[in-house]
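I have placed the structure first, in the form of structure tokens, so that the comments after it can refer back to it.
Worth knowing before you read on, the calculation uses all heavy atoms, side chains too, and leaves out hydrogens, waters and symmetry mates. Within every chain, numbering begins at 1; the chains are lettered A, B, ... in the order of the sequence lines, protein sequences first and strands thereafter.
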Protein chains: 2
Amino acid sequence: MDHDLSREMNGKPGRAASAPPQARRQRLSPDERRRQILEAAVTYFAEVGFDGGTRALARKLGVTQPLIYRYFPSKEDLIREVYNEVYLSRWRAEWEDLLSDRSLPLRERLVTFYSRYTEMIFDSKWLRIYLFSGLRGIGINQWWITFVEERILRRICEEVRHTHRLPSFAEVPVQGAEIDLYWTFHGGVFYYGLRRHVYRAEPHLDLRRFIELSVDSMLEGTPPTIRRILAEAAAPA
Amino acid sequence: MDHDLSREMNGKPGRAASAPPQARRQRLSPDERRRQILEAAVTYFAEVGFDGGTRALARKLGVTQPLIYRYFPSKEDLIREVYNEVYLSRWRAEWEDLLSDRSLPLRERLVTFYSRYTEMIFDSKWLRIYLFSGLRGIGINQWWITFVEERILRRICEEVRHTHRLPSFAEVPVQGAEIDLYWTFHGGVFYYGLRRHVYRAEPHLDLRRFIELSVDSMLEGTPPTIRRILAEAAAPA
DNA sequence: CTCGACACTGATCGGGCGATCATTAGAATG
DNA sequence: CATTCTAATGATCGCCCGATCAGTGTCGAG
């Protein structure tokens, strides 16, 4: 009645079970089976949330439910591995270097970086697991927010200061106000993914153009505001 | 077994109210009981999500679980009423008038509007139910997004055009690109609430100052970008 | 071709879920 | 104070959950 949820999510080549009337017992190596379960778990929990049942997950894999417990001691352990899979294994260190590559115009760096970054996070799996885990209240999102601040926002902050000939970090240290301003921008980009992939409300612009215009507006509006912030910070009342 | 007795649900003023520590059975008027259940349901589902059990909800109220079913035919109906309570009953029509009140500077209107608006939505209950319902995939978030676009963003769009002497809607109709730009801003503000009340990662700025700086940056950066968009729209290649 | 290791299954346990119903008790009425 | 209406309860149903374990069948080593 409620969720329809396309039934056949079949990742395996060969013939395995689309609505299997008779699924043959398939014996895989432990490594391969474990990987297969984990991959399916990411997809499945992203769809239905972490309250989804292990039986339904097993059905999607074409195996029985106890098999999951041979590879993961408890459902909670499986979920923990799902976090690792989604959060940790997708980050590309090059992205950070790109942001700091002063041989390219800042606008181009930002557009390219956010194009690649959103290629990772604008994915139903990533976004939904991000939200589900945040709502569950384990600390992983706090960790992620710190990560974004240090790896992305702080770096953008530094580059904007350099490009717009504002004081360097050595002269005036990073201000919380600056970081929060870049959060407005970053969160605004994030919200595009939320609208599109979680709420399924199609935005007006395609992603590329959206990023371009958002970057343009940010680069035009943020530096003047930051100049004021830094002036206040350098010469407090 | 577990007579927990957190008996603070003592709603009725009226008579004496010695708050009997036993008070086995409390008989309320249907209206009052219904209201009480609904209110508790908002808080409870916001905490644990819609997979939370009706028994735990009843325990919080100090009543038995079947009583809920006397007032709400099914859990799904109760949840639907929770949506109505949270989404529909909190909106203030004056806010919209405020945005269009040209006797005030646009910056002040925006800062005041977003202060009041965030007073409503930056609340664990509102934010969490917003996310939970979005993840569940019922259409209410799509409805909300349309609502925001029409009641808030479109209006801001109109006021920015007027203040910055850009073409009126009659001259050049609203562009999807404009709306999406204001979504970047709006989503950026929303993300502040997400960081603070869902992920419990305290931002650097307090809310008021955050809104002020975000509005300042937006008002500085968005109009030039929009001028370009409108020029393109008025004279296409 | 045989056989043993072990990847996998079927049956099952205790418990929590949404929902139903006959029963009980609190307050307004006479 | 007895009566009556009905808000609220206690018991219970059928189902699905996470987890366990004895058994089964497959496949590679000999």
Exercise for the section: Hey, could you give me each pair passing salt bridge (Lys or Arg N to Asp or Glu O under 4.0 Å) that has a residue in residues 112-133 of chain B? Not counting sequence neighbours. Expected result: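 Counting only pairs at least two positions apart or across chains, the salt bridge (Lys or Arg N to Asp or Glu O under 4.0 Å) contacts touching residues 112-133 of chain B are B/R90-B/D123.
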Exercise for the section: Keeping to residues at least two apart or across chains, list the salt bridge (Lys or Arg N to Asp or Glu O under 4.0 Å) pairs with something in residues 173-189 of chain A. Expected result: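 Every pair satisfying salt bridge (Lys or Arg N to Asp or Glu O under 4.0 Å) with a residue in residues 173-189 of chain A: A/R161-A/E178, A/D180-B/R195.
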Donor-acceptor contacts under 3.5 Å from residues 66-74 of chain B side chains, at least two apart:
residue	atom	partner	partner atom	Å
B/S74	OG	B/E76	N	3.4
B/S74	OG	B/D77	N	3.2
B/S74	OG	B/D77	OD1	2.7

Handout entry: Under 4.0 Å protein heavy-atom contact, by nucleotide of nucleotides 21-30 of chain D - B base, S sugar-phosphate only
Key = B--BBBS---
Practice task
Go through the N and O atoms of the side chain of B/R55 and the base of C/dG16, and report whether any donor-acceptor pair is under 3.5 Å.
Solution key: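 By the distance-only test, no, there is no pair.
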To the nearest Å, give me how far apart [atom1] ([X]) and [atom2] ([N]) are.
{"X": "A/Y44", "N": "D/dG18", "atom1": "OH", "atom2": "C1'", "value": "13 Å"}
{"X": "A/K75", "N": "C/dG15", "atom1": "NZ", "atom2": "C1'", "value": "15 Å"}
{"X": "A/L57", "N": "D/dC17", "atom1": "CG", "atom2": "C1'", "value": "14 Å"}
{"X": "A/I79", "N": "D/dA19", "atom1": "CD1", "atom2": "C1'", "value": "14 Å"}
{"X": "A/F50", "N": "D/dC17", "atom1": "CZ", "atom2": "C1'", "value": "17 Å"}
{"X": "B/Q65", "N": "C/dC17", "atom1": "CD", "atom2": "C1'", "value": "8 Å"}
{"X": "B/E32", "N": "D/dT6", "atom1": "CD", "atom2": "P", "value": "18 Å"}
{"X": "B/I37", "N": "D/dA7", "atom1": "CD1", "atom2": "C1'", "value": "11 Å"}

Problem - Non-neighbouring partners of A/W91 that pass side-chain hydrogen bond (donor to acceptor under 3.5 Å, both in side chains), sequence neighbours left out - result: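 A/W91 satisfies side-chain hydrogen bond (donor to acceptor under 3.5 Å, both in side chains) with A/E96 once adjacent residues are dropped.
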Problem - Phosphate OP1/OP2 of C/dC8: any A/T64 side-chain N/O under 4.0 Å - result: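 For A/T64, the contact criterion (side-chain N or O under 4.0 Å from OP1 or OP2 of C/dC8) is not met.
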Handout entry: D/dA7 phosphate, OP1 or OP2, under 4.0 Å from B/Y71 side-chain N/O
Key =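 No, because none of the side-chain N or O atoms of B/Y71 sits under 4.0 Å from OP1 or OP2 of D/dA7.
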Problem - Pair A/Y191 and B/W183, ring centroids less than 6.0 Å apart - result: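 When the ring centroids of A/Y191 and B/W183 are compared, they turn out to be within the sub-6.0 Å range.
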Problem - Ring centre gap for B/F185 and B/F190 strictly below 6.0 Å - result: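 Judged by ring-centre distance (under 6.0 Å), B/F185 and B/F190 do not meet the cut-off.
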Practice task
Please name all residues satisfying ring pair (Phe, Tyr, Trp, His ring centres under 6.0 Å) with B/Y87, sequence neighbours left out, ordered by chain then number.
Solution key: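 Ring pair (Phe, Tyr, Trp, His ring centres under 6.0 Å) check on B/Y87 returns B/W126, B/W144.
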Exercise for the section: With heavy atoms under 4.0 Å as the rule, sort B/S74 into base, sugar-phosphate or nothing. Expected result: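 If one applies the 4.0 Å heavy-atom cut-off, B/S74 turns out to touch the sugar-phosphate alone, with no base involved.
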